[in-house]
Amino acid sequence: MRAHFGTHPNAAQLWQDTTGNHPPVIAIDTETVSLKDRTLLGVGIAVSPSDAFYVSVGDPSFQEVIILLQNPYVVKVLHNALYDIRVLRPWGIDVTLVEDTAIMTRLIGLGGVLEEASFYVKTTARSAGDVIDSHGVSTMAELPDSVIAEKCCEDTLATFQLYEKFKDEVPQKVYQLDRRVIPLLEKVSSKGIRIDQDRLEHIRKYYQREYSYYTAVADGIGFNPSKSFEVGYILSEMGEFLPLTKKGRLSTDENVLRGVRSPKAIPIAQLTLLFRRAQKMLGTYLLPLKDQDRAFTMLHMNAVTGRINGTSAGSNNLDRGLLNLPKRADLGKPEDLKYRGVFIPNGTRLTEADANQIELRVLAHLSGDKRMQWVFANDGDLHSDAEMAIWGSRGTRRDFAKVFNYSVAYNADVQAIADGIESTDLVRVAAERRKWLDTYTGAASWMNSQMIEGPRQGYVESALGRKMWLPTDREEKHVLNCSINWPIQTFAAEIFKMCILECEYLVDWALLYIHDAQLYEGKVPIPDLSSVSEVHVPWESKVGDRWS
DNA sequence: CGAAAGAGCCC
DNA sequence: GTACGGGCTCTTTCGT
């Protein structure tokens, strides 16, 4: 079907005008079976703030829609462009001039939800869930075409109006940055990364054996290691005093389990940790990729700070989070059991490039801390510098110093830092924390001013003008921490996004973006990115025959 | 049965 | 009485 919604008296004439003489700006919305099943049902196109068409896939006019979408000179406004582009990419949509009202409304503080943001314009959008519920069906595909068409047109009209209303109001630098990043994320998301099934199977068998073994041993002892309640109960029976979770249950997280001391309880705790590790590996990282040639994630920028994240939600069942694959926990393991080694190139080489200590460099820049800036300007190592400043040694406590640099800079309290360096001497850690603050006085005073200015204004702002409203429903401490962390994390993300745009000509080889790292197919020469922003950030590349 | 909690993985 | 920021996903637990 082809349907028209709007005020124009002659729909046929308007359609003819539209297809014959492509309008400069259109708003688009796709309707698919569901978020998981991205089979296209039809496309809605608003050609003005007041007129929209819906064309279903089978309609003779659909070809004209495709031709319109392929026109690189037409500005295409979408709400959550990443989703629709992914649906429309196979139809050849051109993404040169994509605009995204979800990014816009998020940036001006209205949130990214169309139904809510559209409150500020004439046409109000309804959520897919509400429409489905009100008709007593379970997927969009079951609705009559006319209902789908109406909902779709409403959405495109709301989108068109939001665009017109807010396009000049939105902070330009950060909006343009995110807008330009969209096509890269979509491209990388749909490419996926090749999986070495033999290696995956090898590791799977290893953890499957671990899983069976620990299950059997625990069963012999008389508890189920996957049930927190049973673990807590048996440890308590052995005389361990476990802290309580907020809902008053016995806490059995890794920290607690590693802290048990009675000789009978230690093996139980160890066993539980090993079991959980096997369960985590199997359930989250190994079994979901079984028999799959490639692994996919859907990259997006929905984080408060504009960081790129990856999810499986709202996409087909091939997608999953790929930004949190095990690494640290595999450190001591033999090569053939290291999880990331499962990912291999199409050809023979992979390149991974990462931005060296980007967040600490941003902190040095934002705070103007002289000592930090000196260290970075002289190609030094901030962790070693902190080690020297706190303990007067070099080398042996560098890892602790690293924990200090990150924890103190994000306002962790003494207890949290102590946990990080596995110390129980809180008095000592407090003194060391003091020493850090006395060493990096510029950073310390910047942190203080953030903690004053953030709550006073109710928001903090990034270098490129991303305004982030502080939460009003959280503890004061949390708000203070956000006031410090958000500008740092956001600026780092902005620099990172500037860098991947600088590498746009390599995008056909890009496999993944991971906050401060880029993964590429082949041996790719990463250009010098250290001067992309005013913060000097050196990039380090390594090349291998598999990811590691 | 779905939401929330608890746990654990990453930068 | 006191969570270090940003995420994602899985299993268990619990309430409707």
Side-chain angles (χ1 to χ4, degrees), chain A residues 224-232 242-258 272-273 275-288 297-315 319-330 339-340 354-360 362-363 402-420 433 447 450 454 460 462 468 470-471 474-493 496 512-518:
Chain A
N224 181 341
S226 76
K227 297 205 187 298
S228 195
F229 175 80
E230 294 189 26
V231 173
L242 303 178
L244 297 180
T245 66
K246 355 175 217 217
K247 259 210 79 196
R249 301 192 274 237
L250 293 172
S251 172
T252 64
D253 66 22
E254 182 165 357
N255 248 350
V256 170
L257 293 189
R258 280 197 287 112
T272 303
L273 288 172
F275 169 85
R276 282 185 188 161
R277 165 81 176 152
Q279 182 177 246
K280 182 81 177 177
M281 290 303 295
L282 287 169
T284 306
Y285 301 111
L286 268 357
L287 295 177
T297 192
M298 196 175 196
L299 297 172
H300 64 82
M301 293 177 285
N302 298 345
V304 191
T305 53
R307 249 196 189 187
I308 296 168
N309 277 303
T311 182
S312 66
S315 57
D319 290 321
R320 57 202 67 264
L322 289 185
L323 272 57
N324 64 340
L325 306 180
K327 179 163 138 167
R328 210 191 69 218
D330 279 344
Y339 180 76
R340 291 195 178 190
D354 69 286
N356 177 274
Q357 297 184 4
I358 186 167
E359 293 201 345
L360 291 172
V362 167
L363 171 60
K402 181 175 176 178
V403 172
F404 264 84
N405 281 338
Y406 281 105
S407 331
V408 182
Y410 297 141
N411 210 29
D413 66 15
V414 173
Q415 182 63 58
I417 302 171
D419 287 349
R433 180 177 190 278
M447 290 161 60
Q450 285 303 114
V460 290
S462 78
M468 292 160 285
L470 293 160
R474 299 288 300 265
E475 329 79 85
E476 186 62 17
K477 177 83 164 87
H478 178 76
V479 176
L480 299 179
N481 296 336
C482 292
S483 302
I484 294 171
N485 177 273
W486 284 2
I488 301 172
Q489 187 181 129
T490 305
F491 195 7
F496 182 78
L512 209 53
Y513 303 126
I514 322 167
H515 309 308
D516 63 353
Q518 305 183 62

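Residue numbers start from 1 in every chain, and the chains themselves are labelled A, B, ... in the order their sequence lines are given, proteins ahead of strands.
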Has A:Thr305 got a side-chain N or O lying under 4.0 Å from the OP1 or OP2 atom of C:dG7?
no
Residue-phosphate contact under 4.0 Å: A:Ser228 side-chain N/O, B:dA7 OP1/OP2:
yes
Report yes if a side-chain nitrogen or oxygen of A:His478 is closer than 4.0 Å to either non-bridging phosphate oxygen (OP1 or OP2) of C:dG5; otherwise report no.
yes
Below the 4.0 Å mark, does C:dA3 have OP1 or OP2 next to a side-chain nitrogen or oxygen of A:Arg474?
no
Within the structure, does a side-chain N or O atom of A:Lys327 lie under 4.0 Å from either OP1 or OP2 of B:dC11?
yes
Answer with base, sugar-phosphate or nothing: what part of the nucleic acid does A:Glu254 contact at a heavy-atom distance below 4.0 Å?
sugar-phosphate
Short side-chain N/O contact to B:dA7 OP1/OP2 from A:Thr252, under 4.0 Å:
yes
Any base atoms under 4.0 Å from A:Ala329, or only sugar-phosphate, or nothing? Heavy atoms, all strands.
sugar-phosphate
When rounded to the nearest 0.5 angstrom, what is the spacing between OG1 in A:Thr272 and NZ in A:Lys227?
13.5 Å
In whole Å, what separates the P atom of C:dA3 from that of B:dA5?
16 Å
Does B:dG6 have OP1 or OP2 sitting under 4.0 Å from an N or O in the side chain of A:Arg276?
no
Any side-chain N or O of A:Lys477 under 4.0 Å from OP1/OP2 of C:dC4?
yes
Polar pair under 3.5 Å, donor/acceptor by atom type, side chain A:Arg328, base B:dC10:
no
Is the phosphate of C:dT13 approached by A:Lys227 (side-chain N or O, under 4.0 Å from OP1 or OP2)?
yes
Less than 4.0 angstrom between a side-chain N/O of A:Thr284 and OP1 or OP2 of B:dG8, yes or no?
no
What distance, rounded to whole Å, do you find between the two P atoms, one in B:dG6 and one in C:dT2?
14 Å
A:His300 side chain N/O closer than 4.0 Å to the phosphate oxygens (OP1, OP2) of C:dG7?
no
Give A:Gly420 one of three labels, base, sugar-phosphate or nothing, depending on what nucleic acid heavy atoms sit under 4.0 Å from its own.
nothing
For A:Asn324 and C:dG7, is the shortest distance between a side-chain N/O and OP1 or OP2 below 4.0 Å?
no
Nearest-angstrom distance, C1' atom, B:dA7 to C:dG1
24 Å
